[in-house]
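Keep in mind that the numbers below use all heavy atoms, side chains included, and drop hydrogens, waters and symmetry copies. Please read all numbers here as calculations on a predicted model, not as lab measurements.
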Amino acid sequence: MSAPHGGYGQYPPPQPGEQFTHPDQGYADPTAAPPPATGAQHAAEHGKKKKRTYAAGAFEVGMGGNAVLGGQAPAGGQFGAPAPVYGGYPQPDVQPAGYAAQPQQPYGMAQPAPAPAVGGYQAPEPYYPTAGAPPAAGGVAGLTSGMSAMHLGPGAQQQLPPQARAAPLNQLYPTDLLNQPFNVSELDLPPPPIILPPNSSVTPSPDANCQPKYVRSTLNAVPTTHSLLKKSKLPFALIIQPYAALHDLDDPVPIVQDQVISRCRRCRSYINPFVTFLDHGHRWRCNMCNLTNDVPQAFDWDAAAQKTVDRWQRHELNHAVVEFVAPQEYMVRPPQPLVYLFLFDVSYAAVSTGLLATSARTILDSLNRIPNADRRTRLGFIAVDSSLHYFSVPKDTDENGETSMLVVSDLDEPFLPVPQELLVPLTECRNSIESFLTKLPEMFANNQNNGSCMGSALRAGHKLISPLGGKLVVLSASLPNVGYGKLDMREDKKLLGTSKESGLLQTASGFYKSFAVECSKNQVSIDMFLFSSQYQDVASLSNLPRYTGGQTWFYPGWNAGRPEDAIKFASEFSDYLSSEIGLEAVLRVRATTGLRMSTFYGNFFNRSSDLCAFPAFPRDQCYVVEVAIDENLTKNVVCLQTAVLLTTCNGERRIRVLTLALPTTTNLADVYASADQCAVTTYYSHKAVERALSHGLESARDMLQSKITELLQTFRKELAGGSMGGGLQFPANLRGLPALFLGLIKHVGLRKSAQIPSDLRSAALCLLSTLPLPLLMQYIYPRLYSLHDMPDNAGVPDPETSQIVLPPPLNLSSERFVPYGLYLIDDGQTQFLWVGRDAVPQLLIDVFGVTDRAQLRVGKGSVPELDNDFNERVRAVIQKSRDHKSRGVGSIVVPHLYIVREDGEPSLKLWAQTLLVEDRADQGMSYQQWMGSLREKVSL
């Protein structure tokens, strides 16, 4: 395959009569024009360094060049090529932040003049072009003058006529999917802007509306009627992730400390930036149900300082995301301490793989990281084989005390010996806990027992901590085969890939769901860390986290003898223990009259029609709530408010409130132009998992194909005039939807294959229904980076942000590969470093420290630290790609890195190739075949 000009490693092969040298020394093309530079400033700096040629085409470390996507310029590609027509208009050089390219104006920012359309959206006008500043003084007089200046009278928002909008809603830009193909960079664009009428909020705060990292709507313009929503065939749902980081310090939100919480008397919504003040500021009208409420007397008073405060500075009127410190009436009982009860598998499988030793060591090393600011955190330990082993840990003040073990073999009704000594305060028993964790692996070092009564252990653990609530942390390398919840080896390779395979994805025992529901009622959450190298029935065990607000982590074939395995688990488990979880949590979503929350997806228990219960509230999961339109919407703006009530790790009751305001429309074109392709995909990912578990994998795949076909047909019929003109019309802002749906259909959790173990599928389905949106998009459509020819400024810190710059991502097709290339494929859970079959010795020396591909250690591993610039940049890109925090999401996952030789281990190569969504593989069609199939269906 020929490579285009530009960058090192991108010269064309020699033509007849052209001078060339041996491939190991690179081609020499005396007629080639120098490639245009990218990152001019960096190029100038790096240009002073001695260049090094790698290649089957003369290419130099650090040359940069125009970063053509992967060695072959894609049709209409945006890097190093003329700007393509994007959605029916010339596209500016859009490049999401963090990638190597020319700097761009941040998309969606208010401009003094109308901004050019970007990414298929029309940039909005500023929200407040003429609003007066809020009053500096407090009191009713200042409040009244401020309201007058800002036009905040009775019904100001509700009675605004449509023509009073600051700007029209997002403009629809049809695009031809066949001639203007999807580019992966578009997945990093922000969702279509939410364009509200002027002065929709009570203050001109830029934070008045909810940021998409917390709540995203599938539609950023809401149909006013159920019939219009139905006609669009688009889903209306919210993607909710109330916390964007594992720790508060990484994502601080404003906190209302004075315990003055103003709520609507009827619908119980919290006061927010979109209410309307009446009667000289003494009353406020609810933006959800229109009821008029009294403003609390203390709303404008600082009790601590004993003085009047400026109402307009209150957090809840300026910030869509705010947290209230809850008073006594928000507590059913006093805040409980944080409780972790560890259930260790001590069977032969767990001991021989090093799981017990690694788990104990990680907890020991992480004791300082476990949240314990209020010094009330309690820990407990139970060891499990075919019997239960309880450990009574003494307080540090007991000089003669030693941890004692009591073995219980009666699994039907196990009793709790000395319960008060089984859950011990971390602060008061720190030394004893350290001593116990140090000795624990030795206690079972010679254990030959293959039994696992984990079901009975879970019942005992529940009985132990249910008075307080807390977390059961299961660390298991075995299939539960004794006692309650006993499971059988039901994996049958003959069933894989058949219609009967779906039975393997459903729970084999009713115990796991019924027990999980019982745990939820008693505020007990369960997290599963599963390590078996043989069948473990993840499908059954994952029910425990699913209904208790927990998570399932799966480590297939894990063995501590491999440093990569031990380091990955230890790192993830330590971060897990340090996460600031919430306890005894409930989540409810309220909305403007006419809207109703109809269906909820995620790991929790639906306690009532609209209340989701979480014994523990994690920070690394998202939730999907489908919204129904029950009555015609008469307002220009509707609001949806998510509230999470929980107890923090430090024993404080808090309410996090997230308010999202969306414009309404009677126009189908507005609905399509404002649809968020990533949010739509997240909704259908959850729907597909539900369908797979209830009706089977084939039904889930068929549902996805029929939905994307239905959307294309609807757009053609209603908005494209019924004709396709030889192409396949769809809005520019939804251009990635067919590729994302294909990624879902070909995903390891859903694709048709007779080679995927059911445990692997079940673990994948858990992730498809819990991952935060940015990580889910990468899991469905992984990232591909070309490293051998990455631009000059890739792999080095950005001068302004100090963040490592990533190369431009490439579409997932082998057509992007050249045989001498080096590529990184990353789905957020696993990374593959692909070494081409013609990679030259200098590349191998610089990156891996070997001269021959045969010396390259393939499989699970890492890139060695070598003393050269290119090695440092490659390692920096790999590390940055796995840095979830920089994307505004909390995750403990540290992806494994697999080194893959194109001419190496076939099974490893095949695994990496399954991530190339646009290729044909394993009974799955290519992207071109997929688009052809969709076009045929749409034209019927």
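- A distance-only check finds no donor-acceptor pair linking the side chain of H884 to the backbone of V889 [under 3.5 Å].
- Ring-plane geometry between F569 and F573 is classed as parallel, the angle between the planes falling under 30 degrees on a 0 to 90 degree scale with a further cut at 60.
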* Verify salt bridge (charged side-chain N to carboxylate O under 4.0 Å, His left out) between K568 and E564, making sure each step is shown before the conclusion. => CA-CA 6 Å; K568 172 182 169 67; E564 298 84 8; over 6 Å; no
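- Under a 3.5 Å cut-off, the side chain of D176 and the backbone N or O of Q729 do not form any donor-acceptor pair.
- Using a 4.5 Å heavy-atom threshold, the side chains of L187 and Q677 count as touching.
- In this structure a side-chain-to-backbone donor-acceptor pair under 3.5 Å is present from D565 to N559.
- V874 has its side chain within reach of M790: a pair of non-hydrogen atoms, C-beta onward, lies under 4.5 Å apart.
- Not counting sequence neighbours, the partners of Y781 by the ring pair (Phe, Tyr, Trp, His ring centres under 6.0 Å) test are F182.
- There is a side-chain donor-acceptor pair under 3.5 Å between S185 and N183.
- The 12-atom threshold is exceeded at CG of D852, counting heavy atoms of other residues, nucleotides or ligands nearer than 6.0 Å.
- Atom CD of E918 is separated from atom CE of M931 by 10.0 Å, given to the nearest 0.5 angstrom.
- Between the CZ atom of R920 and the CH2 atom of W930 there is a distance of 14.5 Å, given to the nearest 0.5 Å.
- One finds the CG atom of L697 at 9.0 Å from the CD1 atom of I756 (value rounded to the nearest 0.5 Å).
- Note: L773 CG to L776 CG = 6.5 Å, rounded to the nearest 0.5 Å.
- Look at K909 and E902 and you find no salt bridge, because none of the NZ, NE, NH1 or NH2 atoms lies under 4.0 Å from a carboxylate O.
- Residue E872 places its CD atom among 12 or fewer non-hydrogen atoms of other residues, nucleotides or ligands, all under 6.0 Å distant.
- The shortest non-hydrogen separation linking R901 to L856 is CG-CD2, 3.8 Å.
- Formation of a donor-acceptor pair under 3.5 Å by the N811 side chain with backbone atoms of V184 is found in this model.
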* To do: Show your working on side-chain contact (heavy atoms from CB on, under 4.5 Å) between W553 and I892 and close with a plain yes or no.
  => CA-CA 10 Å; W553 282 275; I892 67 170; 3.5 Å; yes
* Could you walk me through whether L784 and L812 pass the side-chain contact (heavy atoms from CB on, under 4.5 Å) check? -> CA-CA 6 Å; L784 169 63; L812 290 167; 3.8 Å; yes
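- Under the 4.5 Å side-chain criterion, counting only non-hydrogen atoms from C-beta, Q829 is in contact with L767.
- Closest non-hydrogen pair, I878 versus L897, comes out as CD1-CD2, 4.2 Å.
- A salt bridge links R783 to D188: one of the charged nitrogens lies within less than 4.0 Å of a carboxylate oxygen.
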* To do: Could you please spell out the steps behind the side-chain hydrogen bond (donor to acceptor under 3.5 Å, both in side chains) verdict for D826 and Q778?
  => CA-CA 8 Å; D826 185 354; Q778 185 176 352; 3.3 Å; yes
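- In this model, a donor atom of one side chain and an acceptor atom of the other lie less than 3.5 Å apart for D789 and S786.
- Taking every heavy atom of both residues into account, M925 and L742 meet most closely at O-CD1, 4.2 Å.
- Within the 4.5 Å cutoff, side-chain heavy atoms of L178 are placed close to those of R935.
- Using a 30° and 60° split on the angle between ring planes, Y823 and F817 fall in the parallel class, below 30°.
- Nearest approach of D620 to P772, heavy atoms of both residues: O-CD, 3.4 Å.
- Within the 4.5 Å cutoff, the side chain of I899 has no heavy atoms near those of the L908 side chain.
- Under the 3.5 Å distance criterion, the side-chain polar atoms of S571 are left unmatched by any main-chain donor or acceptor of I567.
- Side-chain N or O atoms of T682 include one that pairs as donor or acceptor with a backbone N or O of C678 at under 3.5 Å.
- Applying the 6.0 Å contact sphere to CD of E800 captures no more than 12 heavy atoms from other residues, nucleotides or ligands.
- In this structure, CG on L740 lies 10.5 Å from OG on S685, to the nearest 0.5 angstrom.
- Using a 4.5 Å cut-off on side-chain heavy atoms (C-beta onward), D919 and Y927 make no contact.
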* Stepwise side-chain contact (heavy atoms from CB on, under 4.5 Å) test for L824 and S881 -> CA-CA 9 Å; L824 178 67; S881 182; 4.0 Å; yes
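- Closest approach of G795 and A876 over heavy atoms only: O-CB, 3.5 Å.
- Residues satisfying the side chain to side chain donor-acceptor pair (under 3.5 Å) criterion with E905, sequence neighbours excluded, are S907.
- Side-chain contact of Q929 with S933: a donor-acceptor pair under 3.5 Å is absent, judged by distance alone.
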* **Y785 vs L822, side-chain contact (heavy atoms from CB on, under 4.5 Å): CA-CA, chis, key distance, verdict** => CA-CA 9 Å; Y785 302 108; L822 180 69; over 6 Å; no
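- The heavy-atom pair separating L934 from L728 by the smallest distance is CB-CD2, 4.3 Å.
- Between P895 and T830, the closest side-chain pair of non-hydrogen atoms is not below 4.5 Å.
- With T914 as the partner, the side-chain contact (heavy atoms from CB on, under 4.5 Å) test is satisfied by one option alone out of H747, Q755, K746, R751: R751.
- In this structure, T175 OG1 and Q180 CD are separated by 3.5 Å, a value rounded to the nearest 0.5 Å.
- Contacts of Q705 classified as side chain to side chain donor-acceptor pair (under 3.5 Å), with partners at least two apart in sequence or in another chain: none.
- D798 contributes no side-chain N or O that, together with a main-chain N or O of Q803, makes up a donor-acceptor pair within less than 3.5 Å.
- Annotation: side chain of V689 is in contact with side chain of L768 (closest heavy-atom distance under 4.5 Å).
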